[in-house]
Amino acid sequence: MPLRDTVERFVVAVEAGDTVKALEDFYALDATMQENGDPPRRGREALIAHERRNLAGVRWQRARCVRPVLVADDRAVVRWVFEYETLAGRQVRFEELAYQVWRDHRIVEETFFYDPAQFSR
């Protein structure tokens, strides 16, 4: 299966709202995930634990991919728009670019690029 098809299946899974399942299905066991210039989180289980902690603090969350998704060789770039409401009732909307490295149809490295000021509005 071409990587483009796999990336599209990943995007559909995230947009469907089950981000933990997307991590389980599309990330390598040794995957890394990095926010801007922060140190990366390492290992799929750590990524899942981080996602669960984030989800525990929100009432709801929506993700939308702004297409097209860019795919070249073993790399993909996805532009995301996320909206969520915290348990305290604060609504947040933010955009980010996810730069991904894929191996054997799984993400092995992902770096997010976004403006942190989006979270203080």
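It should be emphasised that the depicted structure is a prediction, and the values quoted were computed from it without experimental measurement.
Across Arg4 and Val69, no two heavy atoms sit closer than the pair NH1-O, 3.4 Å.
With sequence neighbours left out, Asp25 forms a salt bridge (charged side-chain N to carboxylate O under 4.0 Å, His left out) with Lys21. Qualifying side-chain contact (heavy atoms from CB on, under 4.5 Å) partners for Arg106, counting only residues two or more places apart in sequence or in other chains: Ala28, Arg44.
Using modelled atom types, one finds a donor on one side chain and an acceptor on the other under 3.5 Å when comparing Glu85 with Trp60.
Rounding to the nearest 0.5 Å gives a distance of 10.5 Å between CD of Glu83 and CD of Gln61. The CG atom of Asp5 sits 8.0 Å away from atom CZ of Arg9, with the distance rounded to the nearest 0.5 Å. The distance from the CZ atom of Arg52 to the CG atom of Leu23 is 9.0 Å, given to the nearest 0.5 Å.
For CZ of Arg59, the number of neighbouring non-hydrogen atoms (other residues, nucleotides, ligands) closer than 6.0 Å is greater than 12.
Residues Glu109 and Thr111 have side chains not in contact (no heavy-atom distance under 4.5 Å, counting atoms from C-beta outward).
Cluster partners of Leu70, by chain and number: Val77, Leu97, Tyr99, Val101, Val108, Phe113. The rule joins Ile, Leu, Val, Met, Phe, Trp and Tyr whenever side-chain heavy atoms lie under 4.5 Å apart.
Taking hydrophobic clusters as Ile, Leu, Val, Met, Phe, Trp and Tyr residues chained together by side-chain heavy-atom distances below 4.5 Å, Leu55 shares a cluster with Tyr84.
Ring pair Tyr27/Phe10 is perpendicular by interplanar angle, where above 60° counts as perpendicular and below 30° as parallel.
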